[in-house]
Amino acid sequence: MSPLQEPLHRHETVLESYTVNGAQADLVAWEESLWCGKQRYAADNVNEPDIEKLMEEFMALGDAELSPNQPEEGWDVCMSFNYLSNQRPSGVFFGFLVESRDQPQGFDQIWLPPGQYMRVPVTEETARAMEEEPWQGGVPPYQWVSETLAPRLGFHCPDSSLPIVEYYRHQSDGNINGCWLYVPVAAGK
């Protein structure tokens with residue numbers, strides 16, 4: 001265990017902090033939260049949704065000069081739903097944490113229930129500590145948590161309706177200044 005890290009977001013509370021092989025990991029609880037963006041699901045339980053089409057739809061909102069009301073400043077997410085299960089179609093969501101239900105037409109809104117996640121920074125150092133290759137994009141490296149960290153720390157990754165989340169921090173010029181991976185976990189094996 002290591003000293004508790006600060007929450008990165010207003011809807012999360014850090015429950016425990018860990019250091020494993022030099023990698024920082026935090027067990028966090030999220031409150032119920034509202035998200036605004038664009039979402040798309042696969043047509044079956046085998047394939048992924050059309051990510052290129054989803055990105056086009058998401059970018060079209062900005063091209064139309066639409067933006068969400070009351071978004072979390074400097075952050076956005078990519079959420080992957082049902083990637084820990086083959087019982088439901090997988091889905092992907094691009095968007096923002098928001099405070100208001102009043103959003104411009106064209107955005108999808110989703111409510112996430114409260115949940116517990118393992119949070120790790122997506123860095124080369126974390127990949128080395130997990131004895132994995134650095135992440136190059138695509139499906140998030142949730143195995144860092146599901147196969148390595150969670151079992152070592154007494155957790156497992158349940159077949160949950162909670163998403164795997166890539167949470168991106170942006171600089172004032174729009175460039176990405178960090179990514180954190182959140183994977184839903186539960187106590188026990």
Side-chain angles (χ1 to χ4, degrees), residues 8-12 30 32-113 115 117 119-124 126-127 132-146 157 159-184:
L8 294 177
H9 312 284
R10 66 178 180 262
H11 67 291
E12 75 180 23
W30 278 11
E32 181 180 56
S33 51
L34 176 61
W35 302 82
C36 177
K38 289 306 279 183
Q39 184 172 33
R40 190 173 266 278
Y41 278 89
D44 54 44
N45 294 1
V46 177
N47 296 299
E48 287 191 278
D50 186 338
I51 304 297
E52 287 183 29
K53 181 72 172 162
L54 175 62
M55 182 56 78
E56 287 174 18
E57 294 169 350
F58 183 65
M59 298 305 287
L61 295 169
D63 292 343
E65 297 185 12
L66 291 175
S67 60
N69 293 328
Q70 299 176 316
E72 183 179 29
E73 184 90 21
W75 293 90
D76 68 14
V77 298
C78 174
M79 296 183 184
S80 300
F81 289 86
N82 302 326
Y83 276 70
L84 299 173
S85 169
N86 61 3
Q87 301 301 309
R88 299 177 301 277
S90 61
V92 174
F93 172 88
F94 297 138
F96 311 89
L97 176 67
V98 294
E99 293 183 34
S100 173
R101 292 181 188 175
D102 181 25
Q103 298 296 333
Q105 191 165 7
F107 283 97
D108 298 326
Q109 294 183 48
I110 58 172
W111 280 98
L112 285 185
Y117 295 84
R119 174 182 79 189
V120 297
V122 180
T123 63
E124 288 186 20
T126 303
E132 298 286 346
E133 293 295 318
W135 184 52
Q136 302 296 321
V139 175
Y142 62 85
Q143 297 88 346
W144 292 1
V145 173
S146 65
C157 297
D159 174 8
S160 170
S161 61
L162 296 173
I164 297 166
V165 179
E166 301 158 58
Y167 222 136
Y168 293 93
R169 177 74 177 150
H170 295 272
Q171 299 172 358
S172 58
D173 65 4
N175 288 321
I176 294 174
N177 190 29
C179 178
W180 286 260
L181 176 67
Y182 289 75
V183 178

Could you check Q39 against V92 for side chain to side chain contact (heavy atoms under 4.5 Å, CB included), going step by step and ending with a plain yes or no? CA-CA 6 Å; Q39 184 172 33; V92 174; over 6 Å; no

Out of curiosity, N86 CG to D44 CG, how far, rounded to the nearest 0.5 Å? 11.5 Å

Starting at CH2 of W135, measure out to CG of L181 and round the result to the nearest 0.5 Å. 8.0 Å

Closer than 3.5 angstrom, by distance alone: can the side chain of Q109 be matched with the main-chain N or O of R101 as a donor-acceptor pair? yes

Neighbour count above 12 (heavy atom, 6.0 Å) for E32 CD: yes

Looking at G37 and F58, what are the two nearest heavy atoms and their distance? CA-CE1, 4.4 Å

If you measure from CZ on F94 to NZ on K38, what distance do you get to the nearest 0.5 Å? 12.5 Å

Spatial distance of atom CD (E48) from atom CG (N82) [nearest 0.5 Å]: 12.0 Å

Would you indicate whether Q171, at its atom CD, is surrounded by more than 12 heavy atoms from other residues, nucleotides or ligands within a distance under 6.0 Å? yes

Which heavy atom in W144 sits nearest to a heavy atom in A127, and how many Å separate them? CZ2-CB, 3.6 Å

Counting N and O atoms only, with roles assigned by atom type, does the side chain of Q103 sit under 3.5 Å from a partner on the main chain of N69, one being a donor and the other an acceptor? yes

Heavy-atom nearest pair, P163 first then P184, reads O-CD, 3.4 Å

For residues P49 and Y83, report the shortest heavy-atom separation together with the two atoms involved. CD-OH, 3.9 Å

Main chain of F96, side chain of D76: is a donor-acceptor contact present, judged purely on distance under 3.5 Å? no

Is it the case that over 12 heavy atoms from other parts of the model lie below 6.0 angstrom from the CZ atom of R88? yes

Check for a donor-acceptor pair, side chain of N177 on one end and backbone N or O of R169 on the other, with a separation under 3.5 Å. no

Given W35, which of V77, V165, V98 fulfils the side chain to side chain contact (heavy atoms under 4.5 Å, CB included) condition? V77

Is there a side chain to side chain contact (heavy atoms under 4.5 Å, CB included) between Q143 and E132 once you walk through the steps? CA-CA 10 Å; Q143 297 88 346; E132 298 286 346; 5.6 Å; no

Please tell me whether Y182 and E12 have a donor and an acceptor in their side chains that are separated by less than 3.5 angstrom. yes

Could you report the tightest heavy-atom contact between C157 and V183, atom names first, then the distance? SG-CG1, 3.7 Å

From CD (E166) to OH (Y142), nearest 0.5 Å: 12.0 Å

Take L112 and H11 through the test side chain to side chain contact (heavy atoms under 4.5 Å, CB included) and record every step on the way to the result. CA-CA 11 Å; L112 285 185; H11 67 291; over 6 Å; no

Spell out, as yes or no, whether a donor-acceptor pair under 3.5 Å connects the side chain of S90 to the backbone of N47. yes

Closest non-hydrogen atom pair, D108 against F93: O-CE1, 4.1 Å

Just say parallel, tilted or perpendicular for the rings of Y167 and W75, cut-offs at 30° and 60°. perpendicular

Rounded to the nearest 0.5 Å, the CG atom of L34 sits from the CD atom of Q70 at a distance of 10.0 Å

